[in-house]
2 protein chains.
Amino acid sequence: MSYANDMSASTGATSGDAGLASDLRLSVMRLRRRLVAERHPDNDLSIGAMAVLGGLNRYGDMTLGTLAQRERVQPPSMTRIVNCLEEGGHVTRQPSETDRRQVVVALTDKGRKTVLADRARRTEWLAQRLSELTDAERAILRDAAPILERIANE
Amino acid sequence: MSYANDMSASTGATSGDAGLASDLRLSVMRLRRRLVAERHPDNDLSIGAMAVLGGLNRYGDMTLGTLAQRERVQPPSMTRIVNCLEEGGHVTRQPSETDRRQVVVALTDKGRKTVLADRARRTEWLAQRLSELTDAERAILRDAAPILERIANE
DNA sequence: TATTGTTATACTCTATAACTATA
DNA sequence: TATAGTTATAGAGTATAACAATA
């Protein structure tokens, strides 16, 4: 292992893939914490739960297992999230017709409304920050978002 | 509130700031979870602890309060992180000479070594993913990282 | 009195292991 | 026997509230 060319310690700027990975990792961690902190207080659903609603709204009804895979959590974690959503009346659980071990999670009208109403609210803080950027900077992030998504889903 | 122009539900592609904010937020959340999951098993320091070491290495010794502000955590959380780092011999605590309420956290030689040695290891997974991108995609992320960082620190 | 950091405590989210039911 | 999901339990990381030491 050689760190002879790693100048990040002294300059604060990194170069190369290792530096980019380091910068990106820290940025993602900090931004995520900030996003969690900025969650609107009168939204009683966790960010994970809202992501599930968003996924159901975007891609349609899914089994619990598929949801767990998509959100990169273990099945028990998804069970908890779906419990919470079901209690709130945002989704329904139905045994699959083809395989009764599977549970199909479906968005209710209330859930759909929540997705739409909360989307603006949840992204309010970030959208505000984005609106303060230049067009060029926004364009960079618009290009970057799907790449980040792809990396996360790999 | 109007969502008449919001096509994301049916197309999977969003446009405008609200859509970008939504996409970016989800990407950041998923990527962060993935990064946490990919943490190297023989690294006993949490990602938060490593971020603190990285900050000290990059910007020099800091008080506990400054570290807490920089990492966007509350002081008790930073106390815990610093406890862990001190027990591991990665940092030292010293009362500030000018204000003895303050605690100056300083990187030890071992801590510095840990930063350097772990940086490559911690970013290994992400660097691997980055290496699979095209030059253009990497360039986008290189441009995006500081913007994300800036947003997170605002 | 106000501020810096610590201690005590609790909450959120997640995971693993053991279990139930279906296949 | 294998798979989908649930229940029970534990761990990591964070927060708020109350406190001690210093300014």
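All chains are named by letter (A, B, ...) in the order of the sequence lines, taking the proteins before the strands, and each is independently numbered beginning at 1.
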Practice task
With sequence neighbours excluded, give me every salt bridge (Lys or Arg N to Asp or Glu O under 4.0 Å) pair touching residues 94-107 of chain A.
Solution key: A/D99-A/R101
Practice task
Note the angle between the end axes of the helix from C/dT1-D/dA23 to C/dA23-D/dT1, five pairs defining each, rounded to 10 degrees.
Solution key: 10°
Problem - Rounded distance in Å - CG (B/L35) to C1' (D/dA12) - result: 17 Å
Handout entry: Those residues that, when tested against A/Q94, pass side-chain contact (heavy atoms from CB on, under 4.5 Å) (two or more places apart)
Key = none
Problem - Those residues that, when tested against A/R33, pass salt bridge (Lys or Arg N to Asp or Glu O under 4.0 Å) (two or more places apart) - result: none
Practice task
Check side-chain contact (heavy atoms from CB on, under 4.5 Å) between A/A106 and all other residues, then give those that pass, not counting sequence neighbours.
Solution key: A/D61, A/T92
Handout entry: Integer-rounded Å distance: D/dT6 P and A/L67 CG
Key = 11 Å
Fill in the blank from the handout: Applying side-chain contact (heavy atoms from CB on, under 4.5 Å) to A/R112 and not counting sequence neighbours gives A/N57, A/L107
Exercise for the section: Only counting residues at least two apart or in another chain, list the ones meeting side-chain contact (heavy atoms from CB on, under 4.5 Å) with B/K113. Expected result: none
Completion exercise
Within residues 95-105 of chain B, the residues having a heavy atom closer than 4.0 Å to DNA chain C are B/R101, B/Q102, B/V103
Practice task
Determine the minimum heavy-atom distance between B/I81 and B/A49, stating which atoms define it.
Solution key: CG2-CA, 3.7 Å
Handout entry: B/D135: partners by salt bridge (Lys or Arg N to Asp or Glu O under 4.0 Å), with sequence neighbours left out
Key = B/R138
Completion exercise
With sequence neighbours left out, the residues meeting salt bridge (Lys or Arg N to Asp or Glu O under 4.0 Å) with B/R30 are A/E71, A/E149
Handout entry: Residue list, salt bridge (Lys or Arg N to Asp or Glu O under 4.0 Å) with A/R70, at least two apart or on another chain
Key = none
Atom pairs under 3.5 Å, N or O on each side, protein against nucleotides 14-18 of chain D: can you list them with distances?
| residue | atom | partner | partner atom | Å |
| --- | --- | --- | --- | --- |
| D/dT14 | OP1 | A/R33 | NH2 | 2.4 |
| D/dT14 | O4 | B/R80 | NH1 | 2.9 |
| D/dA15 | OP2 | B/Q74 | N | 2.9 |
| D/dA15 | OP2 | B/S77 | OG | 2.9 |

